[in-house]
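To start, the structure itself, in structure tokens.
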Amino acid sequence: MVGPPGAGKGTQAQILASELSIPKVSTGDIFRANVSGGTELGNQAKTYMDRGELVPDEVTNAMVRDRLAQDDAKAGFLLDGFPRNVAQAETLNKILGELDELLDVVLELRVDKEEVVKRLSGRRSCRNCGHVQHVDYDPPKTEGVCDSCGGELFQRDDDREETIRRRLEVYDEQTAPLVSFYDNEGLLVPIKATGPVEDVTARAMEALRSRT
Ligand code: AMP
């Protein structure tokens with residue numbers, strides 16, 4: 001899946017992966033788990049993440065290579081947040097070649113910039129189960145408390161306004177070129193990513209059905 005931060009990649013990836021019974025491989029989630037766990041990888045990633053910059057390719061690519069080689073990814077997987085630049089996309093092609101696999105489809109989630117800033121600045125994530133809510137669009141029943149598990153809702157450090165702006169710049173400079181990269185490979189399917197979550201899921205499922 002490609003699309004700017006706040007396009008709903010994580011939300012859709014979660015739903016689609018569960019519908020398709022394949023693992024969701026989210027590089028952002030793996031980095032965050034490592035930051036919380038205080039691992040060496042987490043320490044390496046944190047400074048970049050806090051600034052809204054990309055973690056260096058060698059770190060990210062090695063992590064993805066390991067993840068895709070695990071048994072649960074043999075029958076398919078859904079990538080969320082990777083690749084994030086053309087060099088990563090080229091490495092992904094190599095990794096897939098080694099595993100004798102191919103990408104079926106690249107879903108591009110389309111949403112405009114202003115909407116993205118509104119979504120990200122109001123986004124709150126659960127510290128316990130990872131469920132995502134929004135202060136205006138999906139307000140928790142009790143302020144600061146996750147509707148799903150009762151855990152504490154918090155704002156990701158990189159969802160603060162200055163970092164959001166930098167993440168959007170990084171998207172335009174480094175990630176947006178993937179749209180034409182995958183279009184040239186004949187894999188790209190653009191999807192309107194605004195409106196109810198279920199509608200976006202239905203569009204995504206339709207695109208997947210037509211390509212797999
Ligand atoms: P995300 O949850 O996908 O928005 O990712 C959060 C942060 O993790 C990004 O702003 C980057 O700092 C880092 N990150 C996630 N995926 C990648 C990637 N493929 N390459 C480099 N950095 C990444």
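One-based numbering along the sequence shown. Just so you know, ligand 1 is whichever comes first in the structure, and atom 1 is the first atom listed for that ligand.
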**Prompt:** CZ/R119 to CG/D159 distance, rounded to the nearest 0.5 angstrom?
**Reply:** 12.5 Å
**Asked** To which protein heavy atom is atom 16 (N) of ligand 1 closest, and what is the distance rounded to 0.1 Å?
**Response** T27 OG1, 2.8 Å
**Item:** Flag, side chain of K9 to backbone of G3, donor-acceptor distance under 3.5 Å
**Value:** yes
**Fill in**
Near T60 (heavy-atom distance under 4.0 Å), the atoms of ligand 1 are 18 (C), 19 (N), 20 (N), 21 (C)
**Asked** At what distance is the nearest protein heavy atom to atom 23 (C) of ligand 1, and which residue and atom is it?
**Response** F31 CE1, 3.7 Å
**Asked** Between R160 and Q155, do the side chains contain an N or O donor and an N or O acceptor separated by less than 3.5 Å?
**Response** yes
**Request:** Take every heavy atom of R156, measure it against each atom of ligand 1, and state whether any distance is under 4.0 Å.
**Result:** yes
**Message:** Are more than 12 heavy atoms, taken from residues, nucleotides or ligands other than Q44, located less than 6.0 Å from that residue's CD atom?
**Reply:** yes
**Message:** Heavy atoms only, cut-off 4.0 Å: how does D158 contact ligand 1, side chain, backbone, both, or neither?
**Reply:** side chain
**Request:** List every atom of ligand 1 that sits less than 4.0 Å from any heavy atom of R167, numbering the atoms from 1 in the order shown and giving each element.
**Result:** 4 (O)
**Message:** Heavy atom to atom 4 (O) of ligand 1, shortest distance: which of R84, M49, K9 holds it?
**Reply:** R84
**Fill in**
A student checking ligand 1 against E53 at a 4.0 Å heavy-atom cut-off should list atoms 11 (C), 12 (O)
**Message:** Give me the residue, atom name and distance of the protein heavy atom closest to atom 19 (N) of ligand 1.
**Reply:** G81 O, 2.9 Å
**Message:** Any donor-acceptor pair under 3.5 Å linking the side-chain atoms of T163 with those of D158?
**Reply:** no
**Prompt:** Does atom CD of E143 have more than 12 heavy-atom neighbours, drawn from other residues, nucleotides or ligands, at distances under 6.0 Å?
**Reply:** no
**Message:** Quick one: does any side-chain atom of H131 pair with a main-chain N or O of G151 as donor and acceptor, under 3.5 Å?
**Reply:** no
**Request:** Classify the contact between M1 and ligand 1 as side chain, backbone, both or neither, using a heavy-atom distance cut-off of under 4.0 Å.
**Result:** neither
**Message:** For the 3.5 Å polar cut-off, considering only N or O atoms, please tell me whether L54 and ligand 1 meet it.
**Reply:** no
**Message:** Go through it in stages, so that I can follow the logic: the residues are N61 and K94, the test is side-chain contact (heavy atoms from CB on, under 4.5 Å), and I'd like the CA-CA distance, side-chain angles, deciding distance and then a yes or no.
**Reply:** CA-CA 11 Å; N61 290 339; K94 277 194 211 125; over 6 Å; no
**Prompt:** Is the backbone N or O of D29 less than 3.5 Å from a side-chain atom of S26, with the two atoms forming a donor-acceptor pair by type?
**Reply:** yes
**N or O pair under 3.5 Å between Q88 and ligand 1** = yes
**V55-ligand 1 polar pair, N/O distance under 3.5 Å** = yes
